[in-house]
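To keep things clear, I will list the structure first and then write my remarks on it.
Here the structure is a predicted model, which is why all the values come from computation and not from measurement. No hydrogens, no waters, no symmetry mates; every other heavy atom, side chains included, goes into these values. All ligand and atom numbering here is 1-based and tracks the order in the structure. Note that the numbering runs from 1 along the sequence shown for the chain.
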Amino acid sequence: MFALMQSSQVQSLHMTVDPATGLKAVIAIHSSRKGPALGGCRYLSYPTEQSAVEDAIQLARVMSYKAVLAGLSLGGGTAVILRTAHVPDRSALFESFARFVQTLDGRYIAAIDSGTSSADMDCIARYTQHVTSTTQVGDPSRHTAMGLYAGIRATAMARLGSENLEGLRVAIQGLGHVGYALAEQLHAAGAELLVSDLDSGKLQLAMEQLGAKPIAVEALLSTPCDILAPCGLGGILNSHSVAKLRCAAVAGGANNQLSCAVVADQLEARGILYAPDYVINSGGLIHIALQHQGQASGTITAHLAQIGKRLTEVFAHAQAEKRSPARVADALAERLLEID
Ligand code: NAD
């Protein structure tokens with residue numbers, strides 16, 4: 001665990017248990033150098049407790065990189081609450097988690113992520129002010145999807161020579177808060193949607209409302225398409241899955257899509273353009289941060305559109321340096337964070 005903390009340059013790890021509510025949670029803070037560590041709070045089941053802690057550590061690093069590349073005065077952190085089969089009282093669980101967040105005195109600010117909702121953030125807000133994406137503030141997923149949309153246009157331009165999405169085949173893995181909002185925008189732009197989700201209800205909705213074509217979960221990655229948009233969980237791109245891809249580019253919202261850094265080189269070797277996840281999925285974070293500062297919605301929308309420009313710059317550097325965009329983005333973020 002310490003080795004992973006060191007290699008991920010995570011500053012601190014905080015853990016708690018509360019037998020009364022069944023809470024088992026971890027908060028990883030990667031960096032507070034640029035400001036408080038704002039990051040998602042996940043509520044998921046994991047194969048082992050160790051894998052939950054590893055997820056928190058890896059995501060905390062990503063949040064720092066995301067914030068610094070988006071020019072935000074924030075650090076990076078992530079919380080993971082371990083989900084068990086039986087939860088007697090969900091509100092009590094999140095209130096207990098809130099008291100844990102409060103002990104960090106503002107060094108970590110919680111936000112919605114996989115498995116949590118604005119209602120959960122409302123529970124947290126009863127015991128600490130260090131929380132965002134409450135019902136009052138709103139779910140940032142729509143803004144994440146807006147940034148993704150701008151990023152997909154930039155990716156299409158860089159890889160296919162046009163940012164026009166009409167008729168483009170986009171395969172979306174995961175139709176959750178982000179994936180479904182992205183699907184709606186792509187549909188409006190005339191893209192052809194190929195979609196998969198573990199939840200058949202979401203698939204049905206996408207078929208009925210967006211004319212999407214359902215693809216079996218296990219077949220999505222090898223489905224022929226122009227752009228693959230992973231919007232489920234991370235780690236889906238590994239040596240094995242990259243060999244099966246039949247797309248020109250990968251541009252999606254899931255955090256930590258690459259199972260390890262060398263996968264970026266494998267994508268590059270296969271001629272598949274990779275839009276670094278923490279660059280293309282930064283829309284929600286940008287929205288939360290700027291809204292918190294009281295910026296007007298027009299300013300926030302303009303900032304979201306910059307995601308496409310930022311990606312275009314990363315792609316240009318990558319091409320000039322003959323390196324993967326993922327490695328270029330990492331180097332840029334590390335330089336900005338002054339990590340040696
Ligand atoms: P969500 O829990 O609402 O949706 C995830 C969806 O993916 C679910 O519908 C789930 O059934 C589906 N899914 C999971 N594994 C799958 C698989 N193997 N095949 C097909 N479908 C699968 O989560 P979300 O808020 O939409 O976030 C999705 C991803 O985007 C996560 O990795 C999250 O960390 C990342 N992200 C979210 C935001 C945000 O604003 N919510 C911001 C940045 C990054």
Side-chain angles (χ1 to χ4, degrees), residues 38-46 55-56 58-67 69-70 72 74 76-81 83 110-121 132-133 137-149 151 171-184 193-206 212 214-223 228-238 241 250-259 275-289 291 300 304 307:
L38 193 154
C41 167
R42 287 195 159 178
Y43 181 41
L44 298 173
S45 54
Y46 287 84
D55 199 25
Q58 281 155 354
L59 283 164
R61 182 184 75 91
V62 166
M63 292 311 293
S64 274
Y65 285 25
K66 192 182 299 197
L69 284 185
L72 302 171
L74 291 172
T78 290
V80 168
I81 303 176
R83 189 172 204 140
I112 197 170
D113 202 324
S114 292
T116 53
S117 65
S118 290
D120 297 324
M121 299 302 120
T132 181
S133 45
V137 174
D139 176 355
S141 308
R142 195 167 57 84
H143 303 279
T144 301
M146 280 168 73
L148 266 179
Y149 179 78
I172 305 178
Q173 182 187 51
L175 292 168
H177 292 98
V178 173
Y180 203 91
L182 173 67
E184 287 176 324
L193 302 179
L194 309 158
V195 297
S196 78
D197 199 290
L198 304 172
D199 178 341
S200 59
K202 291 176 182 172
L203 269 186
Q204 191 63 34
L205 206 62
I215 306 288
V217 165
E218 58 284 2
L220 195 274
L221 293 182
S222 55
T223 295
L228 170 69
C231 295
L233 293 181
I236 55 127
L237 298 174
N238 52 44
S241 62
V250 176
N255 279 314
N256 276 337
Q257 290 166 34
L258 306 175
S259 62
D277 46 23
Y278 56 80
V279 180
I280 195 169
N281 74 10
S282 57
L285 184 66
I286 290 169
H287 182 260
I288 289 171
Q291 193 186 42
I300 301 176
L304 293 178
I307 290 173

Identity and separation of the nearest protein heavy atom to [atom]:
atom                    : value
atom 14 (C) of ligand 1 : Leu198 CD1, 3.8 Å
atom 3 (O) of ligand 1  : His177 ND1, 2.7 Å
atom 29 (C) of ligand 1 : Gly232 O, 3.1 Å
atom 42 (C) of ligand 1 : Thr144 OG1, 3.4 Å
atom 18 (N) of ligand 1 : Gln173 NE2, 3.8 Å
atom 41 (N) of ligand 1 : Ser141 OG, 3.2 Å

Just by distance, no angles: are the side chains of Asn281 and Asn255 close enough, under 3.5 Å, to form a donor-acceptor pair?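 Present: a donor and an acceptor within the cut-off.
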Consider only side-chain N and O atoms of Asn238 and Ser241, and report whether a donor and an acceptor are under 3.5 Å apart. yes
Gap between atom [atom2] of [Y] and atom [atom1] of [X] - 0.5 Å precision:
X      : Y      : atom1 : atom2 : answer
Asp120 : Ser117 : CG    : OG    : 3.5 Å
Ile112 : Ser118 : CD1   : OG    : 4.0 Å
Ile215 : Thr223 : CD1   : OG1   : 4.5 Å

Going by heavy atoms in the side chains, are Leu220 and Leu228 under 4.5 Å from each other?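 Of all side-chain heavy-atom pairs linking Leu228 with Leu220, at least one is under 4.5 Å.
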Side chain proximity check, Met121 to Thr132, heavy atoms < 4.5 angstrom: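 SC-SC contact between Met121 and Thr132 ruled out.
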Is it true that atom CZ of Arg83 has more than 12 heavy atoms of other residues, nucleotides or ligands lying nearer than 6.0 Å? yes
What's the verdict on side-chain contact (heavy atoms from CB on, under 4.5 Å) for Leu233 and Ser114, showing C-alpha distance, side-chain angles and the deciding distance? CA-CA 8 Å; Leu233 293 181; Ser114 292; 3.8 Å; yes
By ring-ring contact (aromatic ring centres under 6.0 Å, His included) - contacts of Tyr180 (at least two apart):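 So Tyr180 forms no ring-ring contact (aromatic ring centres under 6.0 Å, His included) with any residue.
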Looking at residues at least two apart in the chain, or sitting in another chain, which of them share a ring-ring contact (aromatic ring centres under 6.0 Å, His included) with Tyr278? Tyr65
For [atom], which candidate among [options] provides the closest heavy atom?
atom                    : options                        : answer
atom 11 (O) of ligand 1 : Asp199, Asp197, Asp113         : Asp197
atom 23 (O) of ligand 1 : Ser114, Ser117, Ala216         : Ser114
atom 28 (C) of ligand 1 : Cys231, Gly176, Pro140, Ala254 : Cys231
atom 38 (C) of ligand 1 : Asn281, Val178, Asp139         : Val178

Measure Arg42 to ligand 1 on non-hydrogen atoms and call it side chain, backbone, both or neither using the 4.0 Å cut-off. side chain
Residue-ligand contact Gly40/ligand 1, heavy atom below 4.0 Å: no
Is ligand 1 less than 4.0 angstrom away from at least one heavy atom of Gly284? no
Report yes if some N/O of [X] lies less than 3.5 Å from some N/O of ligand 1; otherwise report no.
X      : value
Val217 : no
Asn255 : yes
Gly253 : yes

Which of the numbered atoms in ligand 1 are below 4.0 angstrom from a heavy atom of Lys66? 43 (C)
Atom indices of ligand 1, in the order listed, that fall short of 4.0 Å to a heavy atom of Lys202: 8 (C), 9 (O)
